[in-house]
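Taking it in order: structure first as structure tokens, then the write-up.
Each chain gets a letter, A, B and so on, in the order the sequences are listed, and its residues count up from 1. Note that these values count all heavy atoms, side chains included, but never hydrogens, waters or copies made by symmetry.
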Amino acid sequence: MPDDVDLSVEVAGLRLKNPVLPASGTFGYGHEPGALFDVSRLGAVVVKGTTLRPRAGNPPPRIVETTAGMLNSIGLENPGVDAVVAEHLPLLARLGVPVIVNVAGDTVDEYVEVVRRLDRAAGLIPAGLGLELNISCPNVEAGGLEFGRDPALAARLLGMVRAVTGLPLIVKLSPHSPDVVAMGRAVQDAGADAISLVNTMVGMAIDIWRRRPVLGGITGGLSGPAIKPMAVAMVYELAQHVDVPLIGMGGIATWQDAVEFILAGASAVAVGSALFANPLAPLEIIDGLVDYCGAQKVSSVRELIGAALPRRGS
Amino acid sequence: MPDDVDLSVEVAGLRLKNPVLPASGTFGYGHEPGALFDVSRLGAVVVKGTTLRPRAGNPPPRIVETTAGMLNSIGLENPGVDAVVAEHLPLLARLGVPVIVNVAGDTVDEYVEVVRRLDRAAGLIPAGLGLELNISCPNVEAGGLEFGRDPALAARLLGMVRAVTGLPLIVKLSPHSPDVVAMGRAVQDAGADAISLVNTMVGMAIDIWRRRPVLGGITGGLSGPAIKPMAVAMVYELAQHVDVPLIGMGGIATWQDAVEFILAGASAVAVGSALFANPLAPLEIIDGLVDYCGAQKVSSVRELIGAALPRRGS
Amino acid sequence: MASLETGVVVAQETIIPGHFVLTLAAPGISRTGRPGQFVMIDVGAINKLPHPLADPFWRRAFGLYRVDPEAGRVDILYRAGGKGSRLLALAAPGDKLSVLGPLGNGFPLEEAEAPVALVGGGTGVPPLVFAGRVFASRGIPAKAYIGGRSANQLFGLDDFAACGVPVQVSTDDGSAGVRGVVTDILRPDLEALEVRTVFACGPTPMLRAVQGLVSQFKLPAYLSVEAYMACGRGLCLGCAVRLAGDGEPRYANACTDGPVFRSEEVVL
Amino acid sequence: MASLETGVVVAQETIIPGHFVLTLAAPGISRTGRPGQFVMIDVGAINKLPHPLADPFWRRAFGLYRVDPEAGRVDILYRAGGKGSRLLALAAPGDKLSVLGPLGNGFPLEEAEAPVALVGGGTGVPPLVFAGRVFASRGIPAKAYIGGRSANQLFGLDDFAACGVPVQVSTDDGSAGVRGVVTDILRPDLEALEVRTVFACGPTPMLRAVQGLVSQFKLPAYLSVEAYMACGRGLCLGCAVRLAGDGEPRYANACTDGPVFRSEEVVL
Ligand SMILES: Cc1cc2nc3c(=O)[nH]c(=O)nc-3n(C[C@H](O)[C@H](O)[C@H](O)COP(=O)(O)OP(=O)(O)OC[C@H]3O[C@@H](n4cnc5c(N)ncnc54)[C@H](O)[C@@H]3O)c2cc1C
Ligand SMILES: Cc1cc2nc3c(=O)[nH]c(=O)nc-3n(C[C@H](O)[C@H](O)[C@H](O)COP(=O)(O)OP(=O)(O)OC[C@H]3O[C@@H](n4cnc5c(N)ncnc54)[C@H](O)[C@@H]3O)c2cc1C
Ligand SMILES: Cc1cc2nc3c(=O)[nH]c(=O)nc-3n(C[C@H](O)[C@H](O)[C@H](O)COP(=O)(O)O)c2cc1C
Ligand SMILES: Cc1cc2nc3c(=O)[nH]c(=O)nc-3n(C[C@H](O)[C@H](O)[C@H](O)COP(=O)(O)O)c2cc1C
Ligand code: FES
Ligand code: FES
């Protein structure tokens, strides 16, 4: 029976053969040998944060292990959008799976320009190119505020981006949105095709012997199993109030974790930091989902999306 | 040398012989045999959330283990302020340490009335009675908003409470304050003598076999080592912007964790969920602090408070 | 009174696949532990790692299976199913474990009118074995009714036999004893008035079935209930069990007020 | 190329208090591993617990100490200091570990002009032993300079002796060899022009001292640097090492571009 299980889902117009993705920034560009498995088995590949110009990133230490998680302040090290298009997309195309490029910027103009250039490159990826807007970066224009905390700013950004592309647009929310529902509705209304959540949470570690923050960037983003209960709660909350599909992430390490997100309302899930200890986690999750669907006697994983949500009023 | 180390601190006018406290709700009323050690060795005892009337609490399951932490939705089960005063304070008095009563309520009036009754009972605790206002409970008056998310509401509450008591007032912040600095300044200006942080973060767990939330209360509060990096970051941030002493908590399990909070700016620390696995954690932390002060060649732990903070401009 | 004790692993043996008997040198608990009481082991701190592991985060609860006050030893019998119990299965002779106990109220052996039915299944069996051994040593008639999924999932039967407590078995698939559930084998003896008190320990659905049966026969019964437990000491109020009664719900703590409750007292 | 291999514990032995040699059956890594390369072990998944432990969260990195391609075995030598390495110390013969490797670029044995100085201390010694053994087998002159806190903290000296690599020692307290730091014993040999290439592995302050010394003598030197590593495979960009040069800072990955860098290439 498990062989008959249909794991395919559609998210933001992308057809994914299964709902398991790597999380942006934890999987390089997906075509490196470091992946250690046949990447074409994934639902899609998500590449790391791409900015208009190359960025060198933050001073080390950039990462530190925490209890059941880690902090990172990579600082968006990346070769810039033109290099991503020229060097990485052609190699990614060979994998035959949809590609989602994570987009970051300091200003609305920067986002728009990165998106414009990616939009022009869409033909490189026949299996489908999607964009994931990372809106939890400091917004210089708005005086240090963050897009990810202010629904109106986020909606404005989205409108501008939507105007220059017809590609699938996924908006990645910060877990620090004071009101995730307001934020989700704002980006949905402004044209987002899907919402991914959560990004990392602000945290820090202190080196008690040197009496100073461990990270070169002082604070960093917390990820890993530590944050899973908060991420599940946010997905569960948002799923009750928006109609676009959700991509759930935050601490997923096992298929059981992935199922929690799916039952909470996620149409797809992404595995991030857990890849570091267990590079094969995505494959184990795919296998686990097949078995779970079998045990639950459903023929498609789609029947399980949101199955733990309270019945929704019409 | 370690014998000469002075661990005493003053917080909100309470003299604590050391900066190590239990966190509210994790240590019962402090005089139960379940504590398993001589409670008078603690800097103070913090008792659980006390409301005006007795509360039965939430339906089970009320707790669930998560990765490196736990969720709770106890629902403020407590016998009510009059029983706390009549039954527990006299037993607590015998310990000879300061007592901090955690106060909760649905309305401003309820907080004020609980505080008034505790204020009248202050004479029972010669070593000093303090109050910790837990302001992350739903506020019925304000239409479901939370005191802990709105600096203006919190300030108003504090003003009303301040008017009926001269006892040391500690305000316990929610980690969900959209702007911890604004919140901290608001309660400081409204008369708080100290600020404690963090309370639990909203999270949930889903039972994948029954396809529904594990907890009777659906969501719960996440605590434990999982949240430590976020808690340290909030203390570090707030310490740079307020003058009242801070009591740091969130995931403290070892003396090294306690030191992180102290270096980040906490004058005292509280140990919560970690007490469950390791009841003796507070004593180990006290011993560890003595050794650490020795190794750092400081004669008082007070010299270490905020030692990892950037130098403050005048 | 519960206390913290450093238990030294004396032996750890597999009894059926995935199930272990762990023998600890823990003199304090061996002297005071009674049937139905339990211990909580800090599985994240085997040999007190410098920084205890936070995953698993809580201690794990295990009923007392055997105590030997002379030798100062305590045995528990457990299923290594999840991450905490599997970590425990890594402990080898000589390793040190932090053991909290004995906890809870245990079965009211003294008050129970004989003959006593010891009803349970799975990891609920160890405390019943302990109770059976005590009854046998006191010459009090008792009989065990043990349910399981299939023959190869059963354990503890020899223990009853060894101390002279008769044992009857049911399995879901009929591979041992009667095909059916444990209440199927208990019912005839209740009907024959061969039981005066019931002690039960097992999964909640089983306890519910026992609850139904004994209320029908108006027999005194004591159920050892399961609940998630963080502190085990009445401090966190997390292990709430709903008490029977109308009006505002009321709760008791499984750890300190239980784990053994009178059947009619609790809502499972 | 790095791959994932299930390593089976063959033996685990204490060499000095708190330091272990772990022997793993890991044929793949034993065949391709070179001195200066390392492996990352998933210490949270001994025997692949059903749900891997998330604390410790990352794999732990250990340099290759010995490889035996015929027997298909790999040895690492490590200090059980923190929670991850102490958990690893619980692994017993027969236990299975997920081992990722060999990782990194290793020391450029072929390009090194002899005589080679192998300079290090503490847990930096194992890769130097491996390098020394290879040089000795090829008849290439090499000498080891090992620094430590005191006599009872030293290990690996016998290994050098056994393969015929002379070894000189310094200790902070003078309890073995010369009182002082490792650069104190290295300097005279550099002055006497007895060294043409330096390979160093040890704590960062030691590497910095070596960097200073070799730049003074304009000698080619290769340093194996330490950095926190999450993935070990160039994917997370977490293990950044600052590259020398003016203007905008530039970084390399310690895991894939290193851990061995030319001394003048990096800012420590
Ligand atoms: C009073 C009492 C006595 C018990 N006696 C025994 C015994 O003698 N032998 C035995 O094998 N088991 C016994 N159990 C059940 C045992 O505690 C659980 O099987 C064990 O905690 C599961 O841990 P894990 O690491 O294998 O599973 P995990 O999946 O890692 O557990 C996850 C969490 O759920 C909790 N949990 C899981 N199952 C249960 C359960 N059935 N009851 C309470 N909490 C649970 C765990 O403690 C942990 O916090 C007893 C439980 C209680 C409350
Ligand atoms: C390329 C490389 C090779 C190494 N080879 C050896 C070896 O052969 N033998 C040996 O004993 N040690 C070696 N180390 C150091 C070893 O990785 C650390 O001692 C070990 O990770 C500490 O883990 P822990 O669980 O004991 O400490 P914890 O205190 O639990 O560590 C906390 C976190 O810090 C990281 N960390 C701590 N110390 C170091 C360190 N020195 N370098 C990098 N990360 C660290 C850990 O990986 C973990 O993520 C090597 C490190 C690197 C980078
Ligand atoms: C090293 C690292 C780098 C990351 N880089 C990015 C990034 O470039 N863009 C982005 O949107 N998220 C980035 N993230 C966040 C992850 O995509 C993911 O949202 C987060 O880590 C939570 O998932 P996890 O707990 O499974 O890791 C990064 C996370 C890590 C750990
Ligand atoms: C079971 C439980 C009950 C709690 N009850 C209260 C409470 O009544 N009032 C309160 O302010 N905080 C309460 N808390 C929060 C703790 O005091 C503390 O702020 C939080 O758990 C973070 O600390 P920790 O990670 O060390 O547990 C409770 C926490 C737990 C785990
Ligand atoms: S487990 Fe904490 S009160 Fe029972
Ligand atoms: S450890 Fe991830 S890139 Fe080096």
Let me know if A:Ser73 has heavy atoms under 4.5 Å from chain D in its side chain, its backbone, both or neither.
-> neither

4.5 Å side-chain heavy-atom contact, A:Pro59 and D:Tyr251 = yes

Do A:Thr26 and D:Leu235 have side chains that get closer than 4.5 Å, going by heavy atoms?
-> no

Max heavy-atom pair count under 4.5 Å with chain A, selected residue of D:Pro56, D:Gly238, D:Ser98, D:Ala240 | D:Gly238

Spell out, as yes or no, whether a donor-acceptor pair under 3.5 Å connects the side chain of A:Glu65 to the backbone of D:Phe57.
-> yes

Here the salt bridge (charged side-chain N to carboxylate O under 4.0 Å, His left out) pairs for residues 50-61 of chain A, sequence neighbours left out, are A:Arg55-A:Asp106, A:Arg55-A:Glu110

Per-residue contact mode, D:Ala227 against chain A (heavy atom under 4.5 angstrom) = neither

From A:Met70 atom CE to D:Cys236 atom SG, the distance as rounded to the nearest 0.5 Å = 6.0 Å

At a heavy-atom separation under 4.5 Å, does A:Val47 approach chain D through its side chain, its backbone, both, or neither?
-> neither

Is it the side chain or the backbone of D:Met40 that comes within 4.5 Å of chain A heavy atoms, both, or neither?
-> neither

Could you grab the distance from atom CG of A:Leu36 to atom OG of D:Ser3, nearest 0.5 Å is fine?
-> 7.5 Å

Select one option (side chain, backbone, both, neither) describing which atoms of A:Ala35 are under 4.5 Å from chain D's heavy atoms.
-> backbone

Over 12 non-hydrogen atoms of neighbours within 6.0 angstrom of CZ in A:Arg211 | yes

Residue pairs meeting side chain to side chain donor-acceptor pair (under 3.5 Å), one or both in residues 258-268 of chain D, sequence neighbours left out, come to D:Tyr222-D:Arg262, D:Arg262-D:Glu264

With a 4.5 angstrom heavy-atom cut-off, which part of D:Leu100 approaches chain A: side chain, backbone, both or neither?
-> side chain

What pair of heavy atoms forms the shortest contact from A:Ile63 to D:Tyr228, and how long is it?
-> O-CD1, 3.3 Å

Residue pair A:Ala68 / D:Asp55: nearest heavy atoms and the distance that separates them | N-CB, 4.2 Å

Could you tell me whether the side chain of A:Arg62 and the main chain of D:Leu237 form a donor-acceptor pair under 3.5 Å?
-> yes

Here the pair of heavy atoms bringing D:Pro249 nearest to A:Ala56 is O-CB, 3.3 Å

Rounded to the nearest 0.5 Å, the NZ atom of D:Lys83 sits from the OG1 atom of A:Thr67 at a distance of 4.0 Å

Which one of A:Gly272, A:Gly224, A:Pro60, A:Pro61 has the most heavy-atom pairs closer than 4.5 Å to chain D?
-> A:Pro60

pair A:Phe276-D:Arg59: side-chain heavy atoms closer than 4.5 Å = no

Heavy atoms of A:Gly34 and D:Arg233 approach each other most closely as O-NH1, 2.7 Å

